[in-house]
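Starting from 1, each residue takes its place in the sequence as its number.
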Amino acid sequence: MGDLAAHSQAGFPLAQAMPHFAGVAKERTLSGIDVERLASHDAVVLALPHGASGQIAQALVQKNPDLVIVDAGADFRLSSALDWQRWYGCEHAGTWTYGLPELPRAEGGSQRDRLSVATRIAGPGCNASAVALGLAPLVGLVGTSQSAATLVVGTSGAGKSSRPDLTFSRMSGGAHPYSVGNAHRHIPEIVQSLRIAGAEEPHLSVSAVLAPMTRGILAVCTAPSQASTDDLLGRLREVYDDEPLIHVTDAYPDTHDVVGSAMMHVHAVVDPDNGLATVLVALDNLVKGTAGAVIQCLNLAFGLPETMGLPLVGLNP
């Protein structure tokens with residue numbers, strides 16, 4: 001039996017803190033964070049605010065060097081300490097194996113090859129996953145030096161803290177932009193992924209829009225391209241057709257079809273008059289976005305079937 005550790009809600013029944021788990025964990029109680037006890041397990045998943053994982057991770061490794069640790073936060077995602085300090089404003093904790101299994105690598109294969117032997121894994125950001133998995137397979141067919149992404153995001157992507165701009169009266173019936181242009185913290189993570197995929201000088205502008213939906217991301221990515229729609233779809237299918245969690249669609253992706261699942265839907269189209277490619281990606285920010293990626297990475301690290309424990313069917317309607 002594993003531990004469910006918490007900070008502010010330690011000692012509370014899980015069904016009280018998270019009522020949707022009442023049907024499967026009615027008797028479980030959230031424990032406090034005890035590094036020695038946590039280190040006695042085979043694996044630990046950290047889900048903490050940025051800047052909080054480094055110290056706990058170091059203590060866990062000292063107790064158990066063989067422990068598999070997956071950090072769902074941002075602390076270990078970036079390879080550049082300068083980028084980390086610029087975008088997060090605190091000391092860089094280090095770099096772990098990036099947890100986006102389907103990310104194609106320039107030298108061949110995918111990030112999955114590295115995750116299958118990793119014990120320290122940095123879970124990806126949800127918005128970063130959507131944009132990177134949309135554009136990375138198309139490096140060479142689209143111009144990643146002048147790319148942009150508009151992210152339509154459900155409110156759960158902003159976390160669970162109470163904020164005036166997330167109240168029902170403010171969100172209902174409206175759309176609210178944030179982190180427009182060059183302000184989104186996932187930009188260096190996406191650019192890093194594009195470099196892994198072979199882009200030489202990637203540059204990306206990201207604008208996010210909170211939409212009146214609880215969950216889901218629709219990423220609309222644009223980049224210059226002289227290729228055709230068939231070229232882009234052909235490349236996406238070449239890279240992703242054997243991927244169990246990515247579906248290249250024949251029509252525009254819709255968040256309704258992926259919410260509640262670990263699936264990602266992707267489509268691409270080219271405007272030949274303007275030489276502009278548009279790549280559309282839909283995923284559930286709470287499943288494929290990060291939490292599902294954590295489970296996917298744990299499965300790879302332990303040699304289990306990659307989709308074990310992951311929902312493959314969306315909740316539509």
Side-chain angles (χ1 to χ4, degrees), residues 1-34 37-38 41-50 52-53 70-74 99 121 123-127 129-130 151-172 176 210-218 244-245 254-265 282-299 304-317:
M1 179 72 71
D3 275 294
L4 295 172
H7 176 54
S8 61
Q9 301 196 73
F12 285 86
L14 177 64
Q16 178 179 331
M18 298 181 176
H20 54 294
F21 280 114
V24 295
K26 187 180 295 186
E27 307 302 322
R28 297 297 299 273
T29 298
L30 294 168
S31 65
I33 298 175
D34 182 326
R37 188 177 68 249
L38 292 175
H41 294 288
D42 296 320
V44 170
V45 175
L46 302 174
L48 301 167
H50 72 264
S53 297
V70 183
D71 183 20
I121 298 170
C126 54
N127 292 304
S129 295
L151 301 161
V152 181
V153 185
T155 55
S156 60
K160 62 184 294 186
S161 298
S162 177
R163 287 172 18 193
D165 61 323
L166 296 178
T167 60
F168 178 81
S169 59
R170 184 66 182 163
M171 282 302 307
S172 178
H176 308 271
L210 276 178
M213 58 187 187
T214 301
R215 56 206 289 180
I217 295 173
L218 180 66
L245 299 178
D254 188 318
T255 58
H256 277 296
D257 298 324
V258 295
V259 164
S261 81
M263 296 297 299
M264 181 189 106
H265 289 186
L283 55 78
D284 185 321
N285 56 296
L286 297 180
V287 188
K288 181 56 179 168
T290 297
V294 167
I295 295 172
Q296 191 178 358
C297 290
L298 282 172
N299 288 338
L304 300 170
E306 191 169 330
T307 60
M308 180 179 287
L310 292 172
L312 304 182
V313 179
L315 298 177
N316 188 23

key: salt bridge (charged side-chain N to carboxylate O under 4.0 Å, His left out) partners for Asp42, two or more places apart   =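 Partners of Asp42 under the salt bridge (charged side-chain N to carboxylate O under 4.0 Å, His left out) test: none.
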
Indicate the atoms forming the closest heavy-atom contact of [X] with [Y], along with that distance.
X      : Y      : value
Arg37  : Gly32  : NH2-O, 3.0 Å
Leu30  : Ala17  : CD1-CB, 3.8 Å
Pro212 : Ser172 : CB-CA, 4.3 Å
Ala211 : Thr155 : O-CG2, 3.8 Å
Ala72  : Val294 : CB-CG2, 4.0 Å
Ser261 : Gly314 : CB-N, 3.7 Å

message = For the CZ atom on Arg170, are there more than 12 heavy atoms of other groups (residues, nucleotides or ligands in this structure) within a distance under 6.0 Å?
response =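 At most 12 heavy atoms, drawn from other residues, nucleotides or ligands, come within 6.0 Å of this atom.
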
request  = Begin from the C-alpha positions of Met213 and Val152 and carry the test side-chain contact (heavy atoms from CB on, under 4.5 Å) through to its verdict.
outcome  = CA-CA 10 Å; Met213 58 187 187; Val152 181; 4.3 Å; yes

The criterion is side chain to side chain contact (heavy atoms under 4.5 Å, CB included); which residues satisfy it with [X], sequence neighbours excluded?
X      : value
Ala5   : Ser31, Ile33, Leu38
Leu286 : Ser156, Arg215, Asp284
Ala52  : Leu48, Pro49
Leu315 : Val259

Output the distance between atom [atom1] ([X]) and atom [atom2] ([Y]), rounded to the nearest 0.5 Å.
X      : Y      : atom1 : atom2 : result
Leu210 : Leu151 : CG    : CG    : 10.5 Å
Leu298 : Leu304 : CG    : CG    : 9.0 Å
Leu310 : Met263 : CG    : CE    : 10.5 Å
Asp3   : Thr29  : CG    : OG1   : 11.5 Å
Leu4   : Phe12  : CG    : CZ    : 15.5 Å
Asn285 : Ile217 : CG    : CD1   : 5.0 Å

query = Taking only residues two or more places apart in sequence or in another chain, which ones pass side chain to side chain donor-acceptor pair (under 3.5 Å) with Asn316?
reply =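 If we apply the side chain to side chain donor-acceptor pair (under 3.5 Å) test to Asn316, skipping adjacent residues, the hits are Asp257.
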
request  = Apply the test side-chain contact (heavy atoms from CB on, under 4.5 Å) to residues Leu245 and Gln296: give CA-CA distance (whole Å), side-chain angles for both, the deciding distance (0.1 Å), then the verdict.
outcome  = CA-CA 10 Å; Leu245 299 178; Gln296 191 178 358; 3.6 Å; yes

